[in-house]
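Since we're looking at a predicted model, the values are computed, not measured.
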Number of protein chains: 2
Amino acid sequence: MNFATLPRGFHFDAFRRISPVNEDSLWDIIFARNAHHITVKRRAPALANLQKIFSATFCLANQRGFGAMNLRDLCRESGLSMGGLYGYLQSKDQLSAMIEDVIRYLCEQLPGWFDHVSDTTDQVEAILRAHIYLSEMLHPWFFFVYLEARTVPTAQRKQAIAAELAIESHLARLLGQESRLSNAQDRLLAAHAMALIQDWHLKRWKYRREKISIDAFADSVIALVRARLTGA
Amino acid sequence: MNFATLPRGFHFDAFRRISPVNEDSLWDIIFARNAHHITVKRRAPALANLQKIFSATFCLANQRGFGAMNLRDLCRESGLSMGGLYGYLQSKDQLSAMIEDVIRYLCEQLPGWFDHVSDTTDQVEAILRAHIYLSEMLHPWFFFVYLEARTVPTAQRKQAIAAELAIESHLARLLGQESRLSNAQDRLLAAHAMALIQDWHLKRWKYRREKISIDAFADSVIALVRARLTGA
DNA sequence: GTCTATACAACGATAGAC
DNA sequence: GTCTATCGTTGTATAGAC
């Protein structure tokens, strides 16, 4: 990892250049993490078909919701047949599980990327920026996880909730080192920061429309958190 | 309306006491706004059945998503029969339309409740508080609208988007009168404020778990916005 | 490794009895 | 005003050909 080369207050292009995970490398991660149940073993066709399957899933699920999406339409949209599809998953539920799994895995890794940053407030800023920029690169993935979390089976949902709380606690602990606020206020500030960064993938239609760049958005979130830390 | 009696920085109980719209009065509004297509004309059974139908809808839709919810389960959960249900709606889509309609109607009314507040920043605070407190009283309704907005028919979705942008523009205009920020920064601050208040109904499970009261949450959101307005 | 064909349960919606 | 019974359609999943 070369996150150490990122300057203080890095922007989207700088992060994208050095990030080991992006829109292209993701398919390898998915293939590796689901090797045990994907019956197609040849790498090249598997990666191509995974891409078709997930692109079609995001398109349909974001229109109707995952539960209302049906596998016939998924086949038409992805170009695979019903039989072909079942070489990559054993049930419809497993499709959403694969998506949740890879995003949760990445979110667990993310805070550790910035352990080297010595100034605590800068470390918070780096984690928030990385979150926003990663959810920009993997927008459909984050969007899906966020909006379908409630519809997935209980065990899967509990893991997602635990992951969110872990990041938030991590942020609250870092904020507590620098702020003059109470513990409860630090936790609330961490929760607010999470809500703001999630707003980027939830309302991207709005920010596109108003021509607000991802860098302007990230700067604004950071300014808001810093104002609360240092201000009245 | 007696919103003028609310003190500066009012909390949840004070708002609930004087609000003309709450968990009970809502059924009247629904019945009135949908009188043209509800074939059941007697008031008493209609209000009772509407309550059963919508409670069951929220329960099922929040578990599986509205599109994946089916009308047979809705009948079982609400206690009505298939035929009985169709006395209150002409199609499944109309069920979500009725929910979106009443929440949009209330959100359009809300900013006007505080036209009498002379200090602009106090007016912003009152609007944000009222939004948070209303979404607490009508939690399942707001939760549904927020999470199902993308799955509803296009015309209906466009109305919802327009309503959200209207509130945000209103807030941005008010913020612009008081802040030393640029226009673009005012718009972003308004967007952030909307994201924060929506977080209350989206993540209520989290705030319950951490025993964060609605008043503590609202105070924290207000503190964050005020810090950005007056701070660095 | 991917296809076509098919099993059979469940879907939204309606007609007609009460 | 609400019920039961039923229509035609569409759902997930699999078997067996290529």
Charged N to carboxylate O below 4.0 Å: is that the case for A:Arg150 and B:Glu148? yes
Check A:Glu23 with A:Arg16, please: is the shortest side-chain N to carboxylate O separation under 4.0 Å? yes
Does B:His192 have any ring pair (Phe, Tyr, Trp, His ring centres under 6.0 Å) partners at least two apart in sequence or in another chain, and if so, which?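 By the ring pair (Phe, Tyr, Trp, His ring centres under 6.0 Å) rule, B:His192 matches A:Phe217.
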Over how many whole Å does the gap from [X] atom [atom1] to [N] atom [atom2] extend?
{"X": "A:Asp73", "N": "D:dT9", "atom1": "CG", "atom2": "C1'", "result": "14 Å"}
{"X": "A:Arg76", "N": "C:dT4", "atom1": "CZ", "atom2": "P", "result": "14 Å"}
{"X": "A:Gln94", "N": "D:dT12", "atom1": "CD", "atom2": "C1'", "result": "14 Å"}
{"X": "B:Leu89", "N": "C:dT14", "atom1": "CG", "atom2": "P", "result": "11 Å"}

Listed by chain and number, what are the side-chain hydrogen bond (donor to acceptor under 3.5 Å, both in side chains) partners of [X], not counting sequence neighbours?
{"X": "A:Arg43", "answer": "A:Asp28"}
{"X": "B:Glu210", "answer": "A:Arg187"}
{"X": "B:Ser78", "answer": "none"}
{"X": "A:Asp73", "answer": "A:Arg64, A:Asn70, A:Arg76"}

Expected list for residues 138-146 of chain B: side-chain donor-acceptor pairs under 3.5 angstrom, two or more places apart:
{"from": "B:His139", "atom 1": "ND1", "to": "B:Arg204", "atom 2": "NH2", "distance (Å)": "3.4"}
{"from": "B:His139", "atom 1": "NE2", "to": "B:His201", "atom 2": "O", "distance (Å)": "3.1"}
{"from": "B:Tyr146", "atom 1": "OH", "to": "A:Lys203", "atom 2": "NZ", "distance (Å)": "3.4"}
{"from": "B:Tyr146", "atom 1": "OH", "to": "B:Gln198", "atom 2": "OE1", "distance (Å)": "3.2"}

Residue-level proximity of residues 41-70 of chain A to DNA chain D when a heavy atom falls under 4.0 Å: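 Close to the strand are A:Met69, A:Asn70.
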Of all of residues 26-40 of chain A, which get a heavy atom below 4.0 angstrom from DNA chain D, listed by number? none
Worked verdict on B:Ile167 versus B:His131 for side chain to side chain contact (heavy atoms under 4.5 Å, CB included): CA-CA 10 Å; B:Ile167 298 175; B:His131 240 294; 3.5 Å; yes
Could you check if a side-chain atom of A:Arg129 sits within less than 4.5 angstrom of a side-chain atom of A:Phe12, using non-hydrogen atoms only?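 A side-chain contact is absent here, since even the closest heavy-atom pair is not under 4.5 Å.
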Contacts of A:Gln90 that satisfy side-chain contact (heavy atoms from CB on, under 4.5 Å) - sequence neighbours left out: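 A:His37, A:Gln94.
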Once you build an axis from the first five pairs and another from the last five of the helix from C:dG1-D:dC18 to C:dC18-D:dG1, how far apart in angle are they, to 10 degrees? 10°
When you check the phosphate oxygens OP1 and OP2 of C:dG1, does a side-chain N or O of A:Tyr88 lie under 4.0 Å from one of them? no
Listed pairs, N/O of protein and of nucleotides 13-17 of chain D, under 3.5 Å:
{"from": "D:dA13", "atom 1": "OP2", "to": "A:Tyr86", "atom 2": "OH", "distance (Å)": "2.8"}
{"from": "D:dA13", "atom 1": "OP2", "to": "A:Lys92", "atom 2": "N", "distance (Å)": "3.2"}
{"from": "D:dA13", "atom 1": "O5'", "to": "A:Tyr86", "atom 2": "OH", "distance (Å)": "3.4"}

Cut-off 3.5 Å, no hydrogens considered: what does the side-chain donor-acceptor table look like for residues 45-60 of chain B, sequence neighbours left out?
{"from": "B:Asn49", "atom 1": "ND2", "to": "B:Pro45", "atom 2": "O", "distance (Å)": "3.4"}
{"from": "B:Asn49", "atom 1": "ND2", "to": "B:Tyr88", "atom 2": "OH", "distance (Å)": "2.8"}
{"from": "B:Ser55", "atom 1": "OG", "to": "B:Gln51", "atom 2": "O", "distance (Å)": "2.8"}
{"from": "B:Thr57", "atom 1": "OG1", "to": "B:Ile53", "atom 2": "O", "distance (Å)": "2.8"}

Have a look at A:Gly87 and say if it touches a base, only the backbone sugar-phosphate, or nothing, with a 4.0 Å heavy-atom cut-off. nothing
Closest heavy-atom pair and its distance - B:Leu95, B:Phe66: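 Smallest interatomic distance, heavy atoms only, reads CD2-CE1, 4.0 Å.
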